[in-house]
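Residue numbering restarts at 1 for every chain, and letters A, B, ... go by the order of the sequence lines.
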2 protein chains.
Amino acid sequence: MHIAGTRARIRPMPPSALSTSAEEPVTLRERKKQRTRRALADTAVTLFGARGFDGTPLDALLEQVEVSRRTFFRNFRSKEDVALTAVKQLWDAYLEAVDAAEKSGPLADVLLGAMLATLERMDEDWYRRFPPTLRLVADSPALDGHALRHCAEVQEELVRRLGVPDRLELRLLIEFFVAAWHCTLDEWLPDCAPGELPALLRRSFASMTSALTLEA
Amino acid sequence: MHIAGTRARIRPMPPSALSTSAEEPVTLRERKKQRTRRALADTAVTLFGARGFDGTPLDALLEQVEVSRRTFFRNFRSKEDVALTAVKQLWDAYLEAVDAAEKSGPLADVLLGAMLATLERMDEDWYRRFPPTLRLVADSPALDGHALRHCAEVQEELVRRLGVPDRLELRLLIEFFVAAWHCTLDEWLPDCAPGELPALLRRSFASMTSALTLEA
DNA sequence: AGCGAAAGTGCCACAGTGTGGCATTGGCTC
DNA sequence: GAGCCAATGCCACACTGTGGCACTTTCGCT
């Protein structure tokens with residue numbers, strides 16, 4: 001339902017942490033922390049991928065990375081959170097891309113262009129971790145719920161950053177954009193060939209207008 | 001992300017239970033069970049509404065209704081589940097309405113018409129419980145995640161029931177429909193005047209095409 | 001270099017959710 | 001009525017997430 005605005009504020013958590021094209025932090029402390037976070041996120045995907053998200057106790061992950069529960073929860077909000085690291089990285093990068101994009105012409109094209117730019121910017125490591133993450137999400141309702149919730153937050157953020165007079169149409173457009181993205185992922189999921197994702201996304205966008213006039 | 005098809009099957013739970021226009025079950029046993037479920041769902045909305053969803057332990061609800069934890073979990077999948085009863089009732093009714101609708105002309109109109117019909121069918125009791133439920137969802141990320149997840153399941157079901165040659169466009173349309181519905185609820189939420197909901201929904205639908213061509 | 005401050009970490013205990021096992025109750029069927 | 005069976009209640013347990021506190025490491029400053 002994700003109603004915008006009235007939502008209770010969420011605590012910030014370490015500032016987005018692992019961004020893909022990260023400027024390496026200078027202090028030793030920060031780098032150490034980053035390494036722990038990265039190890040947790042990486043191991044989470046492989047471990048959950050092997051034994052299932054619901055079927056893997058958090059302790060299994062902690063044991064493998066040799067980190068205490070207390071430390072884990074200082075770095076991630078929840079078990080779902082660490083599993084969805086790749087997804088969050090994508091959206092973080094996307095928001096940056098939207099900020100950087102030139103806002104002229106049809107807004108739909110701006111949103112599409114920003115995503116295409118984002119997909120180009122993501123590195124090889126991300127493309128290795130994203131597909132397994134999607135499969136995790138597809139297999140665990142709990143994870144899916146968290147992913148959708150995160151998406152809703154991104155949408156609110158987009159509305160905030162793209163603010164225009166007519167709120168309703170902007171909200172609709174952003175919802176449509178995310179919807180098209182989800183449909184695209186559905187089609188991409190079986191093969192997950194990185195090169196095909198932009199083409200699939202363009203195809204989804206091209207189908208949007210005709211979808212509205214689809215006959216029974 | 002809600003990828004269709006590959007999703008793990010969910011256990012059925014008592015057949016939807018509390019439907020709004022329910023044919024009363026004959027046996028005393030069934031009626032008793034229904035009463036318990038109804039009491040749990042009703043009390044949940046008021047109790048969570050008063051003390052917050054996250055701030056209310058499940059035990060508080062169980063104590064008030066005088067039901068053991070074991071019994072509760074035989075009737076509802078989770079704490080979130082019971083809180084979202086009104087939402088689930090709506091979608092259950094909507095799926096029925098879609099089945100009953102005549103599938104001719106633009107599919108978007110079919111989907112819209114089915115929702116308008118559903119809104120007319122919902123009884124007064126439901127209109128009393130739905131707005132508080134929405135506010136609960138707006139205040140608790142966990143609830144929102146569950147609600148979105150449920151929505152995704154409904155969408156998969158819709159694709160299944162409306163199956164047409166071109167899957168992509170159908171999926172897109174259904175996503176757009178749900179998106180429009182969510183936007184409508186956002187606008188309805190502040191006042192929650194039952195009579196205004198259909199008009200708001202029509203307005204959202206009318207804005208769909210222009211949203212796609214919105215200029216920056 | 002050294003030293004105090006601050007941040008990160010580990011360990012422990014606890015609240016809350018959700019599940020399995022098993023006895024008991026209460027309604028349904030004959 | 002008597003037996004049968006579903007529903008319930010009670011107990012114990014696994015797992016997630018949090019708070020408190022002590023200990024170690026790093027940072028910034030002298």
*Below 4.0 Å: OP1/OP2 of D/dT26 and any side-chain N or O of A/K32*: yes
*For the residue pair A/A180 and A/F205, what are the closest heavy atoms and their distance?*
CB-CE1, 4.1 Å
*Can you name the closest pair of heavy atoms from A/R51 and A/T56 and give their distance?*
CB-OG1, 3.3 Å
_Value rounded to 0.5 Å, distance of CG in A/L185 from CG in A/L197_ = 6.5 Å
*asked:* Starting the side chain at C-beta, find the nucleotide from D/dT18, C/dG16, C/dT9 nearest to A/N75.
replied: C/dT9
_Can you tell me which nucleotide in C/dG16, D/dG17, C/dG10 comes closest to the side chain of A/E80?_
D/dG17
*asked:* Nearest whole Å is fine: how far is D/dT25 C1' from A/R35 CZ?
replied: 13 Å
*Round to the nearest Å and state the distance from B/L61 atom CG to C/dG16 atom C1'.*
14 Å
*Between B/D54 (CG) and C/dT17 (C1'), how many Å, whole number?*
13 Å
*From C/dG10, C/dG18, D/dG17, pick the nucleotide closest to the side chain of B/S78?*
C/dG18
*Euclidean distance, atom CD of residue B/E63 to atom C1' of C/dG16 [Å, nearest integer]*: 15 Å
What nitrogen or oxygen pairs link the protein and nucleotides 21-23 of chain D at under 3.5 Å?
none

_How many whole angstroms separate atom NZ of B/K33 from atom C1' of C/dT25?_
15 Å
*Side-chain donor or acceptor of A/T43 paired with backbone N/O of A/A39 under 3.5 Å*: yes
_Spacing of CE belonging to B/M115 relative to CZ belonging to B/F177, to within rounding of 0.5 Å_ = 4.0 Å
_Nucleotide nearest B/K79 (side chain, heavy atoms from C-beta), chosen from C/dT17, D/dG17, C/dT9_ = C/dT17
_Among C/dT17, D/dT16, D/dA7, which nucleotide has an atom closest to any side-chain atom of B/L58?_
C/dT17
*Hey, is the side chain of A/S68 poking within less than 4.0 Å of OP1 or OP2 on C/dT9, counting only N and O atoms?*
no
*Report the distance from atom CG of B/L90 to atom CZ of B/F130, rounding to the nearest 0.5 Å.*
5.5 Å
*Could you state the atom-to-atom distance from CZ of B/F72 to P of D/dC10 in whole Å?*
17 Å
*From the options C/dT9, D/dT8, C/dG16, select the nucleotide whose nearest atom is closest to the side chain of B/T36.*
D/dT8
*Calculate the interatomic distance between B/Q34 atom CD and C/dG27 atom P; express it in whole Å.*
17 Å
_In this structure, how many angstroms lie between the P atom of D/dA7 and the CZ atom of B/F73, rounded?_
18 Å
*Check B/S204 against A/L172 and note the closest heavy-atom contact, atom names and distance.*
O-CD1, 3.6 Å
